[in-house]
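The analysis underlying the following values was restricted to heavy atoms, covering all of them including side chains, and did not include hydrogens, waters or symmetry mates.
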Amino acid sequence: MTIIGIEPAAFFLIAAPAVWYGAGVRSLWKRGGVGRGVSVMQAVSFAAGIATLLVIFSSRLDEMADALFSAHMVQHLLLILVAAPLCVAGAPLLPMLMALSPARRQGVGRWWRRRTIGRAVIHFGMSPPVVFTAHMIALWFWHFPAPYQAALRNPAMHALEHLSFFGTALLFWWVVATPVGRARAKEGVGIVMVAGTLMQSGVLGALLMFATTPWYPAHASGAHAWGMTLLEDQQLAGLIMWIPATLVYVAAAAWLFLRWMRRDERALVAGVVLLSSACSGSPPNNPERVIANADAERGKAAIMMYGCGSCHSIPGIRNANGMVGPPLDHWAERRIIAGEVPNDPERLITWLTVPQSIEPGTAMPNMGVTDGQARDIATYLYTLR
């Protein structure tokens, strides 16, 4: 029995995170309006990633993949180059946290603070070298003839094969492309990771394409049924792995390079402003930071209302112990916002209302904070010394 042409176990594993993500998006949009916290485009990206997974594991493509190595390669590339980056582009962390009850979110925060060894293990496991190595091991190991053909015969091993492709690809694209947390690679490191993967994928594709003998005799009957020889099927798979994958990785590297240039340009502007202030003998920020028509107590209430403590640790705010974003203690002493612009009231208000205007692609969500609320929140933050 299948559900919309997909095995029940696979359907559940795909549907569960989709429902979880959807519940979080609903919570965010109910609180702040459509597009707040998670943009419409991010939600569409995640939905497209889920839809891709449904296509990958549909019975029709699955049956073709059992028969043809080239169809199996299409599955692998869709997992690695389409489904995984689309799900990462959906920025799933915040909505999945917001789908939890406040008590559970606080419990997650407390667990995270207590488990210092667990944090260290997670940070190590998500470091760029470890993620890159794990992804390359999965890529090569499951294309060696022995494990590949063993997976064709064993459904549990086959599921493990696909899970390792998708799981390591999720980590890879998260580290390369997501601008949040200690796990994120700097753009230069991300470009190196993408270039390294492009070369590894290209070499494997070329080996498959230019091989003079077939590697996977398990596909003999399937290739014959589709009017191909084993070697032709394998060469087609190598071509599929070589050319489309190269285009995707080149596009990813170009995007990272452009983001790197934009980031450096903004950092240079911020540095010039700070240097000019220092040379003029005036402090870069007004120590008083008086914001007209603003109130710190109202700002404190707004911080609690918008649930900022789910992501940040904020002194003076009850249960504000989130570990997703940076802690906001000593905010008044900071000189830069998001590593981009000087920390002054005008820019902080802009950051609170439209964070993407300060740092495009930031994980800081647009929560629908009004200008008045942003002024109040900024006033409270400037009390944190």
Side-chain angles (χ1 to χ4, degrees), residues 5 10 49 52-86 132-155 157-170 172-173 193-254:
T52 303
L53 289 173
L54 292 173
V55 170
I56 290 169
F57 295 109
S58 65
S59 57
R60 186 169 182 80
L61 183 54
D62 231 13
E63 288 169 4
M64 286 183 64
D66 287 339
L68 295 172
F69 177 52
S70 52
H72 214 137
M73 184 62 74
V74 170
Q75 276 190 316
H76 294 173
L77 293 185
L78 286 174
L79 280 169
I80 294 170
L81 299 178
V82 181
L86 281 173
F132 176 80
T133 302
H135 190 44
M136 290 305 95
I137 289 173
L139 183 69
W140 281 94
F141 176 79
W142 290 112
H143 286 102
F144 288 143
Y148 176 85
Q149 294 188 112
L152 282 181
R153 294 189 298 267
N154 187 316
M157 188 176 289
H158 200 181
L160 179 62
E161 175 193 36
H162 286 159
L163 185 61
S164 65
F165 282 138
F166 185 60
T168 59
L170 278 177
F172 177 86
W173 292 112
M193 291 176 66
V194 169
T197 308
L198 184 155
M199 288 188 290
Q200 297 287 326
S201 177
V203 167
L204 180 54
L207 288 173
L208 291 168
M209 189 168 128
F210 293 112
T212 56
T213 57
W215 294 4
Y216 310 104
H219 282 295
S221 60
H224 178 73
W226 281 80
M228 289 190 288
T229 67
L230 262 177
L231 189 57
E232 287 172 342
D233 182 31
Q234 179 177 307
Q235 289 171 338
L236 177 58
L239 182 65
I240 291 169
M241 185 176 208
W242 193 5
I243 304 303
T246 296
L247 294 176
V248 172
Y249 288 126
V250 168

Engineer: Could you give the distance from NE2 (H224) to OG1 (T229), rounded to the nearest 0.5 Å?
Structural biologist: 11.5 Å
Engineer: Are any non-hydrogen side-chain atoms of L139 and H76 less than 4.5 angstrom apart?
Structural biologist: no
Engineer: Given side chains that start at C-beta, do those of L230 and F69 come closer than 4.5 Å, heavy atoms only?
Structural biologist: no
Engineer: If you take all heavy atoms of S164 and T168, which pair is closest and at what distance?
Structural biologist: O-OG1, 2.7 Å
Engineer: Is the gap between the ring centers of Y216 and H72 under 6.0 Å?
Structural biologist: no
Engineer: Distance from L77 atom CG to S201 atom OG, nearest 0.5 Å?
Structural biologist: 6.5 Å
Engineer: If you look at every heavy atom in M241 and G205, which pair is closest and at what distance?
Structural biologist: SD-N, 3.9 Å
Engineer: Where do W226 and A67 come nearest, in terms of heavy atoms and distance?
Structural biologist: NE1-CB, 4.1 Å
Engineer: Report the distance from atom CD of E232 to atom CG of L68, rounding to the nearest 0.5 Å.
Structural biologist: 11.5 Å
Engineer: Could you tell me which non-hydrogen atom of W142 sits nearest to which non-hydrogen atom of P147, and how far apart they are?
Structural biologist: CZ3-O, 3.8 Å
Engineer: Should M199 and Y249 count as side-chain neighbours, where that means a heavy-atom distance under 4.5 Å?
Structural biologist: no
Engineer: So do T246 and W242 actually touch side chain to side chain, heavy atoms under 4.5 Å?
Structural biologist: yes
Engineer: Distance-only, no hydrogens or angles: does the D233 side chain make a donor-acceptor pair with backbone N or O of S70 under 3.5 Å?
Structural biologist: yes
Engineer: Applying the side-chain contact (heavy atoms from CB on, under 4.5 Å) test to F166, which of L53, L78, I80 qualifies?
Structural biologist: L53
Engineer: Could you tell me which non-hydrogen atom of Q234 sits nearest to which non-hydrogen atom of L208, and how far apart they are?
Structural biologist: NE2-O, 3.4 Å
Engineer: Find the distance between CG (L231) and CH2 (W215) and round it off to the nearest 0.5 Å.
Structural biologist: 11.0 Å
Engineer: Which one of E161, H158, H143, H219 satisfies the side-chain hydrogen bond (donor to acceptor under 3.5 Å, both in side chains) criterion with Y148?
Structural biologist: H219
Engineer: Rounded at 0.5 Å granularity, tell me how far CZ in F172 sits from OG1 in T133.
Structural biologist: 11.5 Å
Engineer: Look up atom CD in Q75 and atom CG in L61, then write down how far apart they are to the nearest 0.5 Å.
Structural biologist: 4.5 Å
Engineer: Given the rule in the side-chain contact (heavy atoms from CB on, under 4.5 Å) test, do W173 and L86 qualify, once you have shown the distances and angles that lead to the verdict?
Structural biologist: CA-CA 9 Å; W173 292 112; L86 281 173; over 6 Å; no
Engineer: Kindly give the heavy-atom pair with the smallest separation between A211 and Q235, and that separation in Å.
Structural biologist: O-NE2, 3.7 Å
Engineer: Less than 4.5 Å apart, any side-chain heavy atom of V194 and any of F132?
Structural biologist: no
Engineer: Apply side-chain contact (heavy atoms from CB on, under 4.5 Å) to I56 and H162, showing your working.
Structural biologist: CA-CA 10 Å; I56 290 169; H162 286 159; 5.8 Å; no
